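Working notes for the structure below.
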Amino acid sequence: MTNLETKHPGEKEYLQAVHEVLESIESIYNENPQYESAKIIERLVEPDRVLTFRVSWLDDDEQVHVNLGYRIQFNNAIGPYKGGIRLHPSVNLSILKFLGFEQTFKNALTTLPLGGAKGGSDFNPKGKSDTEIMRFCQAFMLELWRIIGPNTDVPAGDIGTGGREIGYMYGMYKKLKSENTGVLTGKGLNWGGSLIRPEATGFGATYFTNEMLVSNNDSFKGKIVTVSGFGNVAWGVALKVTELGGKVVTISGPDGYIYDEKGLDADKIDYLLALRASNNDIVSPYADEFPEAIFVPGKKPWEVKCDIAMPSATQNELNGEDAAQLIANGVKYVAEVSNMGCTPEAIEVLHDAKIPFGPGKAVNAGGVGVSGLEMSQNAMKLNWTVDEVDAKLHHMMSSIHMACIKFGTEDDGYVNYVKGANIAGFIKVADAMLDQGIV
Ligand code: GLU
């Protein structure tokens with residue numbers, strides 16, 4: 001860590017993600033001297049390569065804008081580089097390196113042959129017109145296409161990148177490359193996409209959380225669930241939790257949260273999805289539309305009493321104080337749906353209180369998992385049905401849960417899911433690297 005801090009000063013999210021993994025794999029590392037002699041850690045913590053590029057585009061008033069674009073190809077020991085593209089003003093090298101590092105372990109957990117990558121730009125999609133989004137996506141792909149390919153590196157969605165953006169990027173890739181392959185995932189259903197991909201992260205996260213509940217002889221029935229965000233992920237969580245008998249009482253945006261005592265339902269979710277398509281804030285208008293809901297400005301939903309908290313927005317959105325507040329309010333489970341949604345202090349507080357805590361790289365792996373299934377369908381030039389994809393997603397999430405139990409169960413029976421997920425992911429990637437020599 002000291003070495004890494006000297007080499008990459010100030011990259012705080014990246015250093016945070018590496019620290020968490022190194023801490024939990026220490027015992028396995030020490031028991032297996034072959035890792036040390038092949039310098040597996042030193043090789044695994046540095047991305048294979050980083051591409052940064054300039055993205056110039058014209059807005060609707062013909063003004064020129066310049067953004068930074070990135071692709072971090074982190075590790076391809078077990079399969080082609082795979083990971084989303086984040087479009088958000090906060091995007092920088094540290095954030096994308098942390099996401100690429102996490103992705104490497106997450107993808108290993110999915111049971112599929114997927115390496116780890118991440119990309120993105122500091123472009124802010126909020127308030128942009130559809131044509132501005134298109135021009136940006138095309139300009140972004142004008143650089144990115146050089147280093148991606150269906151067997152090399154397969155980008156997908158993330159914060160700010162959904163089906164529409166993938167469509168514009170795919171259109172440009174095809175134009176440049178003259179090939180119709182599964183180079184991106186999250187594609188539209190009638191041009192190579194997979195059923196269930198839009199819902200997969202949220203559904204998978206709910207299946208994983210359900211496994212946590214079942215292993216404690218518990219269920220979602222009658223549980224109050226707080227969720228943050230309402231992007232690509234939170235709506236799938238809200239839909240599936242509601243289906244399984246839980247009540248989702250919050251969603252949030254950058255400027256506050258909604259508390260809806262009656263809980264979200266399919267109609268309210270449809271209303272939110274329609275609003276979201278307009279690129280505008282959706283959280284405060286919800287309270288105008290549904291009088292039973294209140295908008296709490298400038299706050300996070302972790303002050304609301306709940307049985308299960310599912311942070312689904314962005315990194316470090318739930319801190320030590322939030323965790324303490326959740327515990328004081330009687331929380332029974334926390335499932336991190338966002339990537340690194342909880343700070344190290346929050347995780348420590350939850351672990352000390354023996355609250356089952358599922359980390360993002362296990363909980364949200366269903367999204368990239370179904371992306372992997374999209375790649376398989378593209379390669380076979382076949383489509384699976386909803387039931388086929390959903391069954392495979394279910395299977396994936398329960399095998400990830402089993403891996404966490406296998407490697408994370410402590411002497412007193414408490415499951416440290418962070419340790420379990422990190423060790424399971426690490427062993428798979430590290431062993432593949434050992435098999436393939438020093439490259
Ligand atoms: N961005 C998602 C993630 O964090 C999905 C990535 C993918 O489908 O490749 O896992």
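Keep in mind the model is a prediction, meaning the values are calculated, not measured. Both counts, for ligands and for their atoms, begin at 1 and track the order of listing.
At a heavy-atom distance under 4.0 Å, only side-chain atoms of Arg197, from C-beta outward, approach ligand 1. With a 4.0 Å cut-off on non-hydrogen atoms, Gln103 touches ligand 1 through its side chain and not its backbone. By the criterion of a heavy-atom distance under 4.0 Å, the side chain of Asn339, and not its backbone, is placed next to ligand 1.
The protein heavy atom nearest to atom 7 (C) of ligand 1 is Ala156 CB, 3.4 Å. Among protein heavy atoms, atom 8 (O) of ligand 1 sits closest to Ser371 OG, 2.5 Å. Nearest non-hydrogen protein atom to atom 3 (C) of ligand 1 is Lys106 NZ, 3.2 Å.
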What's the verdict on ring pair (Phe, Tyr, Trp, His ring centres under 6.0 Å) for Tyr170 and Trp191, showing C-alpha distance, side-chain angles and the deciding distance?
CA-CA 10 Å; Tyr170 189 67; Trp191 42 277; 5.3 Å; yes
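Close approach to Lys118 involves these atoms of ligand 1, each under 4.0 Å from a residue heavy atom: 1 (N), 3 (C), 4 (O).
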Could you go through residues 108-123 and list every donor-acceptor pair under 3.5 Å that involves a side-chain atom there, pairing it with any protein atom two or more places apart or in another chain?
residue: Thr110; atom: OG1; partner: Asn107; partner atom: O; Å: 2.6
residue: Thr110; atom: OG1; partner: Leu112; partner atom: N; Å: 3.1
residue: Lys118; atom: NZ; partner: Gln103; partner atom: OE1; Å: 3.2
residue: Lys118; atom: NZ; partner: Asp158; partner atom: OD1; Å: 2.9
residue: Ser121; atom: OG; partner: Leu68; partner atom: O; Å: 2.8
residue: Ser121; atom: OG; partner: Phe123; partner atom: N; Å: 3.1
residue: Asp122; atom: OD1; partner: Asn67; partner atom: ND2; Å: 2.9
residue: Asp122; atom: OD1; partner: Leu68; partner atom: N; Å: 3.0

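Distances shorter than 4.0 angstrom do not occur between any heavy atom of Glu102 and any atom of ligand 1.
Listed for the Asn210 side chain is no donor-acceptor partner under 3.5 Å among the backbone atoms of Thr206. Put simply, the side chain of Lys392 never gets that close to the backbone of Glu388: no donor and acceptor are under 3.5 Å apart.
Residue pairs meeting the salt bridge (charged side-chain N to carboxylate O under 4.0 Å, His left out) criterion with at least one member in residues 356-365, sequence neighbours excluded: Glu20-Lys361, Glu102-Lys361.
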